[in-house]
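Single-structure report; data block below.
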Amino acid sequence: MEPLYMTPIKPWEPVNSLFEEKGSYGKNTEAAFFGDVFKNTVQQVYTTQADVENKQYLLSTGQLDDAHSLPIAEAKAALSVDLLISLRNKALESYNELIKISV
């Protein structure tokens, strides 16, 4: 009989199973996942920039009650742009390394 304080370790699932969609055999799901990451990051940049512009308008017209929300929104927008630039740079570095591989 096993002690009650011990639980058996469950095996990990393969990483590829995280990206597979049911019924999508033959598709390049890793590339789709990679593309979705870029799409979501670009959408986040658009969203945060629109929020900054809205808060700037509200502040300039005197409708913004808390003036501290504008610098917070600007910081979020700057971080999302920095993330997008970092992703782009890493993707380009990876592409350049793949080009250097001789077959």
Side-chain angles (χ1 to χ4, degrees):
M1 184 170 180
E2 294 182 36
L4 295 175
Y5 60 87
M6 295 180 71
T7 57
I9 297 174
K10 296 179 184 177
W12 288 3
E13 294 181 26
V15 175
N16 288 341
S17 68
L18 299 174
F19 305 123
E20 291 177 358
E21 298 174 9
K22 294 181 180 178
S24 65
Y25 299 105
K27 292 183 180 178
N28 195 352
T29 55
E30 288 85 4
F33 176 74
F34 188 72
D36 288 341
V37 169
F38 270 106
K39 286 179 188 175
N40 290 340
T41 307
V42 170
Q43 185 59 40
Q44 186 66 28
V45 169
Y46 286 137
T47 303
T48 54
Q49 186 59 37
D51 186 40
V52 168
E53 290 172 2
N54 184 31
K55 289 189 187 304
Q56 286 174 342
Y57 172 76
L58 292 175
L59 182 67
S60 65
T61 58
Q63 299 174 12
L64 190 63
D65 293 333
D66 50 347
H68 64 276
S69 64
L70 178 60
I72 293 171
E74 289 172 343
K76 286 180 182 180
L79 282 173
S80 64
V81 169
D82 288 343
L83 176 65
L84 180 62
I85 290 170
S86 296
L87 284 174
R88 184 210 54 182
N89 290 343
K90 287 295 181 182
L92 287 175
E93 286 176 21
S94 301
Y95 179 75
N96 288 333
E97 289 296 321
L98 286 173
I99 288 176
K100 292 178 185 176
I101 295 175
S102 61
V103 179

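Predicted model only: the values in this text are computed from it and were never measured.
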Between side-chain atoms of residues 50-57 and protein atoms elsewhere (two or more places apart, or another chain), which donor-acceptor pairs fall under 3.5 Å?
none

Could you give the side-chain donor-acceptor pairs of residues 92-102 under 3.5 Å, partners two or more places apart or in another chain?
residue : atom : partner : partner atom : Å
Ser94   : OG   : Lys90   : O            : 2.9
Asn96   : ND2  : Leu92   : O            : 3.2

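- Note that OG of Ser80 and CG of Asn40 are 12.5 Å apart. Values are rounded to the nearest 0.5 Å.
- Leu83 and Leu79 are members of different hydrophobic clusters when ILVMFWY side chains are connected at heavy-atom separations under 4.5 Å.
- Summarising the local packing, OH of Tyr46 is surrounded by 12 or fewer heavy atoms from other residues, nucleotides or ligands at distances under 6.0 Å.
- Note that the CG atom of Leu59 and the CG atom of Asp65 stand 10.5 Å from one another [nearest 0.5 Å].
- Taking all atoms of both residues into account, the shortest heavy-atom contact from Leu87 to Phe38 is O-CZ, 3.6 Å.
- The CD1 atom of Ile72 lies 8.0 Å from the CG atom of Asp66; values are rounded to the nearest 0.5 Å.
- Summarising the geometry of Ala77 relative to Thr48, their closest heavy-atom pair is CA-OG1, 3.5 Å, with the distance given to 0.1 Å.
- When hydrophobic clusters are built by joining Ile, Leu, Val, Met, Phe, Trp and Tyr residues whose side-chain heavy atoms come closer than 4.5 Å, directly or via intermediates, Val45 is grouped together with Val37.
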